[in-house]
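To start, the structure itself, in structure tokens.
Values below: all heavy atoms of this structure, side chains included; hydrogens, waters and symmetry mates excluded. The structure presented is a predicted model; accordingly, all values stated were derived computationally and were not measured.
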Amino acid sequence: MGLPRRSADPAELRKSLKPLLEKRRRARINASLRQLKGLILPLLGRESSHYSKLEKADILEMTVRFLQELPASSCASAAPTPSDSYGEGYRACLARLARVLPACRVLEPAVSARLLEHLRRRATGVTPDGGRAGDSCGAAAPSPPPAPAPAPPAPPRGPGLWRPW
């Protein structure tokens, strides 16, 4: 079934597209139900060959029952807490940086090593002074003042260009 020809009236166009859109929506639902059936039957320990003609409602009911019978602890452990996912992301980023940074040679090797060591300490939560990152027990050490920005190079002075000022 191809796309209908364009007509001048938008209402007529919508009317002709509605069956096509409904057909696509139903195809998506049926494909998802087939996938769900293929996933749920092995989890319930049932052979797919015995259940080749399950109704859609049966597939959904089996899935709901299976999910209700799951122990609550397995659901909680499956979803990481935000701090866990942050830590995992930080460690993954650090691992990638440890591979890429030495290879691209953007920084001097000594600077690169210091940076990676600092980031590793931050990942474990230990600061260079032996305290924990984020500890609020002691007074925070003052941060060193930022290094002044390098001045732009002075323009060359020479007899080549005459300026009236």
**Message:** With a 4.5 Å cut-off on side-chain heavy-atom distances among I, L, V, M, F, W and Y, is there a chain of contacts connecting Leu36 to Val64?
**Reply:** no
**Prompt:** From Glu61 CD over to Ile59 CD1, what is the distance, rounded to the nearest 0.5 angstrom?
**Reply:** 10.5 Å
**Message:** Membership question, hydrophobic clusters at under 4.5 Å side-chain separation (ILVMFWY): are Tyr90 and Leu97 in the same one?
**Reply:** yes
**Prompt:** Looking only at atom types and distance, does a side-chain atom of Ser32 sit under 3.5 Å from a main-chain N or O of Arg28, one as donor and one as acceptor?
**Reply:** yes
**Complete:** When rounded to the nearest 0.5 Å, the distance separating CG of Asn30 from NZ of Lys37 is 11.5 Å
**Prompt:** Heavy atoms, side chains only, cut-off 4.5 Å: are Leu116 and Leu94 in contact?
**Reply:** yes
**Euclidean distance, Leu67 CG relative to Thr63 OG1, rounded to 0.5 Å** = 6.5 Å
**Message:** How about CD on Glu22, more than 12 heavy atoms from neighbouring residues, nucleotides or ligands closer than 6.0 Å, or not?
**Reply:** yes
**Prompt:** Is the shortest heavy-atom distance from the side chain of Asp9 to the side chain of Lys15 under 4.5 Å?
**Reply:** no
**Minimum heavy-atom distance Lys56-Leu33, with the two atoms named** = CG-CD1, 3.4 Å
**Prompt:** Quick one: NZ on Lys18 to CZ on Arg25, what's the gap to the nearest 0.5 Å?
**Reply:** 10.5 Å
**Message:** Would a single hydrophobic cluster contain both Leu70 and Met62, if residues Ile, Leu, Val, Met, Phe, Trp and Tyr are joined by side-chain heavy-atom contacts under 4.5 Å?
**Reply:** yes
**Fill in**
One should read off an interatomic distance between Lys23 NZ and Arg26 CZ, to the nearest 0.5 angstrom, of 11.5 Å
**Asked** Quick one: does Thr124's side chain get under 4.5 Å of Arg120's, heavy atoms only?
**Response** no
**Prompt:** When you measure from the side chain of Asp58 to the backbone N and O of Leu54, does any donor-acceptor pair fall under 3.5 Å?
**Reply:** no
**Message:** Quick check for you: to the nearest 0.5 Å, what is the distance between Leu43 atom CG and Phe66 atom CZ?
**Reply:** 4.5 Å
